[in-house]
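Note that the numbering runs from 1 along the sequence shown for the chain. Everything quoted here is computed from the prediction, not taken from an experiment.
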Amino acid sequence: MDSFPVRGDLCEDCGLAALEDDDSTRCPACFERELYSLDVGFLDSYRKFGARGRLVVAETCMRGLVLASPEHRKVLAMQIFEQYVLAMSDLVALFTALMNRDKAPIMKTFMEFRLDHSNAMEFFEAVQAVSDFDLCRALGLPLPAEVPSACPHLDKEDAYQLSVSIHHLVQDLRRTTEKGGAAALALAQVAGQLGGAVISPDTSWLEGARRLPPDQVALLVLDGRRRSIHVQAVSADEDVMGRVVDAIDSVTRASSNLIYSYLQTNDL
């Protein structure tokens, strides 16, 4: 006897494709179409709230750090450092999603993204190894001087704002990647450690570890493969943390300008 899909076995959207497993309600093609339809709303929402969230947390911690006790300063410093790593990871995810916008929904690529050595290096090289022209073209953007002719749908004021946004975007992307491959690898390593890391105000109790100066805090990660404990020291000095907050500002501004430039260029 021939078996045919029953009503519950078919995609609830198209009603044609057979479902791949018992937990799904729509086929992969319909789900991808839905995600594509959500890309503009996702980008607009992320630009207005998500992209600036890391900076808001870092600035709040920075204000508290000024008056906090020494041990509390170390906790706040680590939070600021963590926001920098997360902001950079978000920027790399957004950049990667827009670079691959024709292959997969932006929202899907962004939300599934996990920073590792490979994609960190790809991001740094994609920014540093090309001209401004090639960088803008890869992202689907005109050069600032090309905006009036490339975007006839914009009035004079909006075209000027877009030109400024693209100019600052390129500058901030250059600034966030200026230290090259070594910085990319270090970023990926720390990003991979944050989830399973703990902080400690000192390492005097840890055999074989270098003693930390009073103004530093330790990020401890257990490396089961190498059977060792990795120690990442972070300064709680106010001036150092101030520079980290400035870096977070550049990173989040780049994310915001990238989204704004993409949406305005494509009249979305």
Side-chain angles (χ1 to χ4, degrees), residues 35 39 42-43 45-62 76-101 103-129 135 138-139 169-199 217 219-221 223 230 232-234 240-241 243-262:
L35 291 179
D39 274 346
F42 165 72
L43 288 172
S45 174
Y46 181 75
R47 175 176 176 264
K48 292 176 179 177
F49 182 76
R52 303 296 290 178
R54 309 298 187 194
L55 181 61
V56 171
V57 173
E59 288 180 334
T60 302
C61 290
M62 187 66 197
L76 294 171
M78 187 58 73
Q79 287 297 314
I80 294 171
F81 177 71
E82 181 175 342
Q83 294 309 309
Y84 168 73
V85 175
L86 294 174
M88 278 295 296
S89 181
D90 288 348
L91 176 59
V92 180
L94 179 61
F95 185 93
T96 302
L98 287 175
M99 290 281 283
N100 293 283
R101 60 194 179 278
K103 300 176 182 178
I106 293 170
M107 182 178 178
K108 180 176 187 292
T109 302
F110 182 90
M111 296 186 71
E112 291 182 345
F113 185 84
R114 297 295 181 269
L115 189 67
D116 58 29
H117 287 185
S118 177
N119 53 42
M121 288 295 296
E122 288 176 2
F123 168 67
F124 275 65
E125 290 177 1
V127 174
Q128 288 294 324
L135 178 59
L139 293 168
L169 166 64
V170 172
Q171 296 299 312
D172 284 331
L173 286 175
R174 302 285 190 207
R175 188 177 298 112
T176 59
T177 58
E178 62 186 358
K179 293 185 179 180
L185 293 177
L187 173 67
Q189 180 180 20
V190 175
Q193 294 169 347
L194 284 179
V198 296
I199 62 174
V217 57
L219 180 72
L220 307 179
V221 179
D223 187 339
H230 177 72
Q232 173 71 48
V234 176
V240 173
M241 286 297 103
R243 291 194 291 273
V244 175
V245 172
D246 289 342
I248 298 172
D249 185 41
S250 293
V251 174
T252 56
R253 186 172 58 241
S255 292
S256 179
N257 281 329
L258 180 53
I259 294 172
Y260 173 81
S261 299
Y262 174 77

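- S89 places no side-chain N or O within donor-acceptor distance of the main-chain N or O of V85, the cut-off being under 3.5 Å.
- Atom CG of residue L55 and atom OG of residue S255 lie 11.0 Å apart, to the nearest 0.5 angstrom.
- R175 is not listed as a side-chain neighbour of V127, based on a closest heavy-atom distance of 4.5 Å or more.
- To the nearest 0.5 Å, atoms CE (M78) and CD (Q83) are separated by 12.5 Å.
- In this structure, F123 and M88 have side chains that are in contact, with non-hydrogen atoms separated by less than 4.5 Å.
- Formation of a donor-acceptor pair under 3.5 Å by the N119 side chain with backbone atoms of E122 is not found in this model.
- The shortest distance between side-chain heavy atoms of F110 and T96 does not fall below 4.5 Å.
- Residues A87 and V251 share a closest heavy-atom pair of O-CG1, 3.3 Å.
- Minimum heavy-atom separation, L76 to C61: CD1-O, 3.9 Å.
- In this structure, the separation between CD on E178 and CZ on F124 is 10.0 Å, given to the nearest 0.5 Å.
- A salt bridge links R52 to D249: one of the charged nitrogens lies within less than 4.0 Å of a carboxylate oxygen.
- In this structure, the separation between CG on D90 and OH on Y46 is 3.5 Å, given to the nearest 0.5 Å.
- Closest heavy-atom contact between A120 and A188: CB-CB, 4.0 Å.
- Going from atom CZ of F81 over to atom CD1 of I248 covers 10.0 Å, rounded to the nearest 0.5 Å.
- Within the 3.5 Å criterion, the main-chain N or O of R174 finds a donor-acceptor partner in the side chain of Q128.
- Side chains of L91 and T252 form no contact here, defined as non-hydrogen atoms less than 4.5 Å apart.
- Minimum interatomic distance between R114 and M111 (heavy atoms only, all atoms of both residues): NH1-O, 3.4 Å.
- Each of N257, L43, L169 was checked for a side chain to side chain contact (heavy atoms under 4.5 Å, CB included) with Y262, and the lone residue meeting it is L43.
- The two residues M241 and A77 come nearest to each other via the heavy atoms SD-O, 3.5 Å.
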Problem - Check against side chain to side chain contact (heavy atoms under 4.5 Å, CB included), I259 and K48 - result: CA-CA 10 Å; I259 294 172; K48 292 176 179 177; over 6 Å; no
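- Counting only heavy atoms from C-beta outward, the side chains of L94 and F113 never approach each other to under 4.5 Å.
- Between atom CG of residue L258 and atom CZ of residue F95 there is a gap of 8.0 Å, rounded to the nearest 0.5 Å.
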